[in-house]
Amino acid sequence: MASGIRVRHGLLASRKSLFRDVQRKILPNTVCIQRAAEVQFLRAATSSAEGQHNEKYCMDLVRSRDYDGFVCSLLLPEESRRSSLALRAFNVELAQVKDSVSQKTIGLMRMQFWKAAIEEIYRDDPPLQPVSAELWRAVRKHYLTKRWLLRIITEREKDLEDRAYRNLQELEAYSENTQSSLIYLLLECLGLKDVHADHAASHIGKAQGIVTSLRAIPYHSSRRKVYLPMDICMLHGASQEDFIRSSRQQNVRDVVYDIASQAHVHLQHARSFSKTVPAAANPAFLQTVVLEDFLQRVRRADFDIFHPSLQNRNPLLPIQLYLRSWKKTY
């Protein structure tokens with residue numbers, strides 16, 4: 001009898017000891033889980049606030065430095081709008097490096113930062129920088145092609161050489177690698193991968209790059225810089241000094257005419273694909289409205305790129321963009 005009681009007491013003691021051991025193991029883990037959940041909740045709240053800040057930063061940057069692109073982005077489907085603004089903010093960041101640095105070395109360092117940032121974005125570890133964070137979100141949401149992003153950086157990096165294009169083909173190649181690559185990414189934001197859409201995007205990007213070089217002539221001339229294709233300038237006997245002096249002579253107008261004509265050709269080529277391009281791609285091509293508007297205005301100014309009318313923004317452009325968006329054409 002006594003031995004039976006001792007056995008039961010021994011069993012009870014071992015069960016209590018086992019319960020205490022289990023309690024020691026479970027309770028700390030439970031506390032850790034609860035704390036981890038709290039930390040995750042706080043991070044989510046913080047990231048939400050940071051996300052709003054990052055989104056506003058990109059929106060303000062694009063609105064101030066690429067107003068036409070800003071309006072075009074607002075007309076995209078809601079699920080693509082924020083990613084479009086992130087891509088355009090990324091493009092603005094790169095585009096302004098050349099004009100914002102005093103030494104090429106500093107510009108190369110900035111480009112190296114963006115190369116590293118892209119690598120980190122695709123490792124899900126973006127730098128703590130608003131544009132990088134928004135770009136990471138766009139990459140994760142739409143599975144954007146890394147090659148296009150790196151190609152934009154590489155081409156912008158080459159442009160730090162600060163020299164004029166040797167010929168029109170060199171300007172077109174630069175435009176393809178920067179502006180066309182951006183449109184390819186915008187198509188991916190719309191969930192599109194289509195060969196006809198890509199062909200149209202290639203021509204639109206080239207037209208965009210050529211028009212951008214024309215629009216920038218007064219700004220660059222004021223800084224004693226000329227980046228126009230040298231072969232066309234030589235063809236018409238127009239020197240760099242002619243542009244720096246804001247000459248309105250016929251030979252300068254002829255240079256502008258030839259370059260603008262090539263932009264128009266690319267625009268026409270892009271529109272020749274309109275019957276085979278999916279309708280869902282049209283929002284990514286709204287920039288054609290902006291290009292067409294500028295080319296018409298420069299023609300009305302008789303290709304005088306320094307005419308005061310070309311320095312003002314067309315106040316009706318947002319309405320024209322909206323109407324083209326409503327018609328679902330480009």
Side-chain angles (χ1 to χ4, degrees), residues 58 62 66 68-95 114-115 117-124 126 131-156 172-209 266-291 321 324-330:
C58 289
V62 177
D66 179 17
D68 297 335
F70 171 74
V71 177
C72 289
S73 293
L74 295 182
L75 294 170
L76 289 179
E78 186 176 355
E79 61 272 14
S80 307
R81 198 174 301 150
R82 183 171 174 180
S83 298
S84 169
L85 287 167
L87 287 169
R88 291 190 182 279
F90 166 70
N91 189 53
V92 168
E93 286 276 2
L94 296 175
W114 281 109
K115 285 182 179 178
I118 295 300
E119 297 296 337
E120 291 168 358
I121 283 169
Y122 279 85
R123 289 198 299 265
D124 282 335
V131 177
S132 297
E134 283 296 285
L135 199 57
W136 170 73
R137 180 188 174 279
V139 166
R140 291 199 63 183
K141 183 175 182 180
H142 303 287
Y143 304 100
L144 301 180
T145 302
K146 181 181 178 182
R147 181 173 74 258
W148 303 133
L149 293 167
L150 289 175
R151 192 160 84 158
I152 295 172
I153 300 172
T154 301
E155 197 64 29
R156 295 285 190 187
E172 288 175 325
Y174 172 79
S175 303
E176 165 69 28
N177 290 332
T178 53
Q179 301 296 340
S180 298
S181 295
L182 178 63
I183 302 175
Y184 298 148
L185 290 163
L186 292 176
L187 287 171
E188 291 185 348
C189 288
L190 293 169
L192 280 170
K193 289 189 178 181
D194 178 85
V195 65
H196 300 295
D198 286 346
H199 283 160
S202 176
H203 286 291
I204 292 170
K206 288 174 182 176
Q208 172 73 45
H266 283 298
L267 201 55
Q268 293 302 106
H269 275 311
R271 285 175 170 160
S272 70
F273 294 101
S274 61
K275 292 182 179 179
T276 54
V277 169
N282 290 334
F285 299 158
L286 285 174
Q287 197 74 21
T288 56
V289 179
V290 180
L291 304 179
L321 284 165
R324 191 67 62 88
S325 173
W326 178 70
K327 291 179 180 178
K328 297 182 180 178
T329 61
Y330 69 92

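Computed from a prediction, not measured in an experiment: that's the story for all the values here.
- Annotation: side chain of Leu87 is in contact with side chain of Leu144 (closest heavy-atom distance under 4.5 Å).
- Leu149 CG to Ser181 OG: the interatomic distance, rounded to the nearest 0.5 Å, is 9.0 Å.
- Taken to the nearest 0.5 Å, the CG atom of Asp194 stands 7.5 Å off from the OG1 atom of Thr276.
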- Message: Quick one, Lys141 with Glu79, criterion side-chain contact (heavy atoms from CB on, under 4.5 Å). Give me CA distance, side-chain angles, the key distance, then yes/no.
- Response: CA-CA 10 Å; Lys141 183 175 182 180; Glu79 61 272 14; 4.1 Å; yes
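- Without hydrogens or angle criteria, Thr154 side chain to Leu150 main chain gives a donor-acceptor distance under 3.5 Å.
- For the pair Trp114 and Val131, the minimum side-chain heavy-atom distance is below 4.5 Å.
- Proximity of a side-chain donor or acceptor of Ser80 to a complementary backbone N or O of Cys189 within less than 3.5 Å is detected.
- Listed here is the closest heavy atom pair of Gln287 and Gly69: OE1-CA, 4.2 Å.
- Here the rule is side chain to side chain contact (heavy atoms under 4.5 Å, CB included) with Phe90, and of Leu185, Val62, Leu135 only Leu135 fits it.
- Heavy atoms only, all atoms of each residue included: Leu192 and Ala280 are closest at CD1-C, 3.4 Å.
- Tested against Arg156 for a side-chain hydrogen bond (donor to acceptor under 3.5 Å, both in side chains), the candidates Asn91, Thr178, Asn177 yield a single pass: Asn91.
- Side chains of Ser73 and Arg81: no donor on one and acceptor on the other come within 3.5 Å.
- Annotation: the span from Glu176 atom CD to Glu172 atom CD amounts to 10.0 Å, rounded to 0.5 Å.
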(request) Kindly indicate, with the supporting measurements, whether the criterion side-chain contact (heavy atoms from CB on, under 4.5 Å) is fulfilled by Asp124 and Arg140. (result) CA-CA 9 Å; Asp124 282 335; Arg140 291 199 63 183; 3.5 Å; yes
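- Rounding to the nearest 0.5 Å gives a distance of 12.0 Å between CD1 of Ile152 and CZ of Arg147.
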Assess the residue pair Thr145 and Glu188 against the criterion (side-chain hydrogen bond (donor to acceptor under 3.5 Å, both in side chains)); give the C-alpha distance rounded to whole Å, side-chain angles, the decisive distance to 0.1 Å, and a yes or no. CA-CA 8 Å; Thr145 302; Glu188 291 185 348; 2.5 Å; yes
Inset, instruction - Test side-chain hydrogen bond (donor to acceptor under 3.5 Å, both in side chains) on His269 and His203 and set out the steps. - result: CA-CA 7 Å; His269 275 311; His203 286 291; 5.0 Å; no
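- Considering all non-hydrogen atoms of both residues, Ser83 and Arg137 come closest at OG-NH1, 4.0 Å.
- Between Pro126 and Ile121, the shortest heavy-atom distance links the atoms CB-CG1, 3.9 Å.
- Side-chain contact check for Leu76 versus Leu286: every heavy-atom pair is 4.5 Å or farther apart.
- Side-chain contact between Leu186 and Arg88 is present, with heavy atoms from C-beta onward closer than 4.5 Å.
- Between Phe285 and Tyr330, the ring-plane angle classifies as perpendicular under the 30° and 60° cut-offs.
- For the residue pair Ala201 and Leu187, the shortest heavy atom distance occurs at CB-CD1, 4.1 Å.
- Among residues two or more places apart in sequence or in another chain, the side chain to side chain donor-acceptor pair (under 3.5 Å) test is passed with Asp68 by Arg215.
- Atom NZ of Lys146 sits in a crowded spot, with more than 12 heavy atoms from other residues, nucleotides or ligands closer than 6.0 Å.
- Rounded to the nearest 0.5 angstrom, His199 NE2 and Ser272 OG are separated by 10.5 Å.
- Ring geometry for Tyr184 versus Trp148: interplanar angle of 30 to 60°, hence tilted.
- When all heavy atoms are compared, the tightest approach of Lys206 to Ser180 is N-OG, 3.7 Å.
- Asp198 contributes atom CG, which lies 10.5 Å from atom CZ of Phe273 (distance to the nearest 0.5 angstrom).
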Worked check of side-chain contact (heavy atoms from CB on, under 4.5 Å) between Arg123 and Glu119
CA-CA 6 Å; Arg123 289 198 299 265; Glu119 297 296 337; 3.9 Å; yes
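- With a 4.5 Å cut-off on side-chain heavy atoms, Gln179 and Ile204 do not count as touching.
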